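Because the structure is a prediction, the values reported are computed rather than measured.
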Amino acid sequence: MSLRLLITLTAAPGKGADFAQAFKTRCAEVMQEPGCEQFEVFQSAVNPDKLVLLELWKDQAALDAHAKVNATRAPLPQGLRSGVPGEREDYEYNKR
């Protein structure tokens, strides 16, 4: 069964556009991973420092493989995110 993830990210104040731009390369890389059906970042029109990452994975095995690859990736440039490194709000959607 496919897995949909919605991840809310907060950019540092005034850095939303820079954060979204930095994420473009990451999105292109992840889209090449086996089992990745969607990996896109969207920026809020109301609060440009709020972003949502939409992920769609073929199955849990593909998401697990992504997690292993992701652990080896270089972090995005410092100063673009608000809060503690790695802090995010995740939602998982399973259509039943």
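Between E33 and R73 there is a salt bridge, with a side-chain nitrogen of the basic residue lying less than 4.0 Å from a carboxylate oxygen of the acidic one.
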Check the pair D59 / M1 against side chain to side chain contact (heavy atoms under 4.5 Å, CB included), numbers first and verdict last. CA-CA 5 Å; D59 53 28; M1 173 181 3; over 6 Å; no
Quick one, R26 with N70, criterion side chain to side chain contact (heavy atoms under 4.5 Å, CB included). Give me CA distance, side-chain angles, the key distance, then yes/no. CA-CA 10 Å; R26 177 69 47 91; N70 215 32; 4.3 Å; yes
E37/W57 under side chain to side chain contact (heavy atoms under 4.5 Å, CB included): CA gap, chis, key distance, verdict: CA-CA 6 Å; E37 297 175 359; W57 296 92; over 6 Å; no
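The hydrophobic cluster containing L6 also contains F42, counting ILVMFWY residues as joined when their side-chain heavy atoms lie under 4.5 angstrom apart, directly or transitively. The hydrophobic clustering, which links ILVMFWY residues whose side-chain heavy atoms are closer than 4.5 Å, places M31 and V41 together. L56 and V30 end up in different hydrophobic clusters when Ile, Leu, Val, Met, Phe, Trp and Tyr side chains are linked at under 4.5 Å.
Separating the CZ atom in F23 from the CG atom in L80 is a distance of 10.5 Å, to the nearest 0.5 Å. Rounding to the nearest 0.5 angstrom, the gap separating the CD atom in Q38 from the SG atom in C27 is 9.5 Å. Rounding to the nearest 0.5 Å gives a distance of 7.0 Å between OG1 of T8 and NZ of K50. Distance check, rounded to the nearest 0.5 Å: CG of L3 to NZ of K58 gives 12.5 Å. One distance of note links CD1 of I7 with CG of L51; it measures 12.0 Å at 0.5 Å rounding. Atom CD of E40 is separated from atom CG of L54 by 7.0 Å, given to the nearest 0.5 angstrom.
A distance-only check finds no donor-acceptor pair linking the side chain of D49 to the backbone of A11 [under 3.5 Å].
Closest approach of G35 to A62, counting heavy atoms only: CA-CB, 3.8 Å. Of all non-hydrogen atoms in Q43 and A17, the two that sit nearest each other are NE2-N, 3.3 Å.
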